[in-house]
Protein chains: 2
Amino acid sequence: MPGPVSYTYEYPRPALTVDCVVFGLDDEDLKVLLIRRGVEPFAGRWALPGGFVRMEESLDDAARRELDEEAGIRPNHLEQLYTFGTPGRDPRGRVVTVAYFALVKLSDHVPHAATDARDAAWFSVWDTPKLAFDHVDVLGTALQRLKGKVRYQPIGFELLPPKFTLTQLQRLYEVILERELDKRNFRKKILAMDLLEELDEVEQDVSHRAARLYRFDHKKYKQLEKAGFNFEL
Amino acid sequence: MPGPVSYTYEYPRPALTVDCVVFGLDDEDLKVLLIRRGVEPFAGRWALPGGFVRMEESLDDAARRELDEEAGIRPNHLEQLYTFGTPGRDPRGRVVTVAYFALVKLSDHVPHAATDARDAAWFSVWDTPKLAFDHVDVLGTALQRLKGKVRYQPIGFELLPPKFTLTQLQRLYEVILERELDKRNFRKKILAMDLLEELDEVEQDVSHRAARLYRFDHKKYKQLEKAGFNFEL
DNA sequence: CGGCATAGTGTCCGGAACACACCCGGGTCA
DNA sequence: TGACCCGGGTGTGTTCCGGACACTATGCCG
């Protein structure tokens, strides 16, 4: 990609990057995707996937591009999280980063690495290695946001396979909200919303009574949303 | 402020600005602070106060500095809103802006302009002139955020004078949420939280029975918050 | 065929939301 | 000066919703 070797401005400008907090759900645990850095600064440390924003792309596009390049991930749900710009957060100089958070179905991304000759891996969000830059703060902010948002918007489904059992769904909420929920009340509430399509299928290969499978009805949700319906818990 | 006349980088960098959506509450109406632009682009148009981020200041500091410089405002409540970076949003080239939103007591800022030889004025949020850049989008996003946030965090008080009546408080919520509330229930709920200090004073100069004044108890709120209390509606 | 592991289900109670109507206090104006 | 007008401020009954709570059903496995 040839071009001029330098760019000159009248006033100094910070560098601009995007970083992505990608969440996935494994049985029993909420995971976050990390990349092992190959270059300084923080070579060898784990960090959130991300990189520099190009001049002709939007911030959202930059986040998607970096995710695809660094981990081969094309998330369904991606939203801007917060912008971190404290001077000194990057030893190379002033770097401002727009953080994003994404939700993916882990099942779609089991064999993770091998996409860019980099190490990429899923870690439990409660037990990550020491992170580069201020990425702990970014992760913390993302967790808070996820916790706050999952109760008022049906985004949790992005973490589950298309067909899931009510128990799986309940566990998802329990893991994210960090508290236990009553099975009967949970089912009553979620079914009362009439957003789940009950399928004529049950889970396979379990050594006990198989649970019925459900599917989230995006179309019905869009309708209800327009009509002023508010998803809650 | 003399210095080198140019800054050179190996890769192109977007310019970085901050813009602030400052809300104030007038009897009966939610207002937003706008500044008339003196220079191109969009000279003569109204716009949100804002400007370029300096290399040695944090984003929050930049927002506060610009607000002070352009309108003489030092808001109590200021928080980051969203970062807008679509290529083409500024005709001068790639400019990414970190938007903030702030709440102020209008009473503290009645005589607005005259601070920087610029025009500054409060407009009803439902009836603003045509704005420069993509500032309509920014304003829209800020309104949405305010609407969402006011129900779960006691930030509405930042818009009222220190001493206020319950009716004033109720009107605030009605204006922001764009729906009417039941007087009896509103009072019951807000008083039950035990966050308002009942004063031995009543409002003055009204042509009907004077209402009792209250004050928001920040200290008590901090305590309750730590104890896991959640403000709601 | 018995045991075990998870699926699936209904009821009751207390507090919150809501709708409804009346008295209070003070200023205004005839 | 007294009648009235305007919002301020309060009580109650009804309904609705969320939370607590425990047992039966089903299917696989040994």
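Chain A is the first sequence line, chain B the second, and so forth, proteins listed ahead of strands; every chain is numbered from 1.
Side-chain atoms of A/R209 and base atoms of C/dA5 include no donor and acceptor less than 3.5 Å apart. The base of D/dA20 lies close enough to the side chain of A/N185 for a donor and an acceptor atom to sit less than 3.5 Å apart.
A straight line from CG of A/D205 to C1' of C/dT6 spans 16 Å, rounded to a whole angstrom. The interatomic distance linking A/E232 (CD) with C/dA16 (C1') rounds to 13 Å, in whole Å. Rounded to whole Å, the distance from CD on A/E203 to C1' on C/dT6 is 9 Å. When rounded to the nearest whole Å, the span between CD1 of A/I190 and P of C/dG8 equals 15 Å. The CD atom of B/Q204 sits 9 Å away from the P atom of C/dG27 (whole-angstrom rounding). In this structure, CG of A/L169 is placed 13 Å from P of C/dA7, rounded to the nearest angstrom. Computed from coordinates, the B/K183 NZ to D/dG11 P distance equals 13 Å when rounded to whole Å. Counting to the nearest Å, the C1' atom of C/dG10 and the CG atom of A/L191 are 14 Å from each other.
Between A/F157 and A/F164, the distance separating the two ring centers is shorter than 6.0 angstrom.
A/R187 comes within 4.0 angstrom of a base, heavy atoms only. Residue contacts for B/R184: at a heavy-atom cut-off of 4.0 Å it reaches a base atom on one of the strands shown. Among the protein residues, B/T165 comes within range of no part of the nucleic acid, since none of its heavy atoms lies under 4.0 Å from any strand. Contact annotation for B/K188: base contact, defined as any heavy-atom pair under 4.0 Å involving a base atom.
Using a cutoff of 4.0 Å between basic side-chain nitrogens and carboxylate oxygens, B/R212 and B/E198 are scored as salt-bridged. Between A/E203 and A/K163 there is no salt bridge, since none of the side-chain N atoms of the basic residue sits less than 4.0 Å from a carboxylate O of the acidic one.
Nearer the 5' end of DNA chain D, as judged by each residue's closest nucleotide, is the contact made by B/L213, out of A/D182 and B/L213. Where A/Y214 and B/K189 meet DNA chain C, the nucleotide closest to each residue was compared, and A/Y214 sits on the side nearer the 5' end.
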In a table with atom names and distances, give each donor-acceptor pair under 3.5 Å that connects a side chain of residues 215-233 of chain A to protein atoms at least two apart or in another chain.
{"residue": "A/D217", "atom": "OD1", "partner": "A/K219", "partner atom": "N", "Å": "3.2"}
{"residue": "A/D217", "atom": "OD1", "partner": "A/K220", "partner atom": "N", "Å": "3.1"}

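Rounded to the nearest 0.5 angstrom, A/Y100 OH and B/T83 OG1 are separated by 8.0 Å.
Which of D/dG7, D/dC28, C/dA7 sits closest to the side chain of A/S207 comes down to D/dC28.
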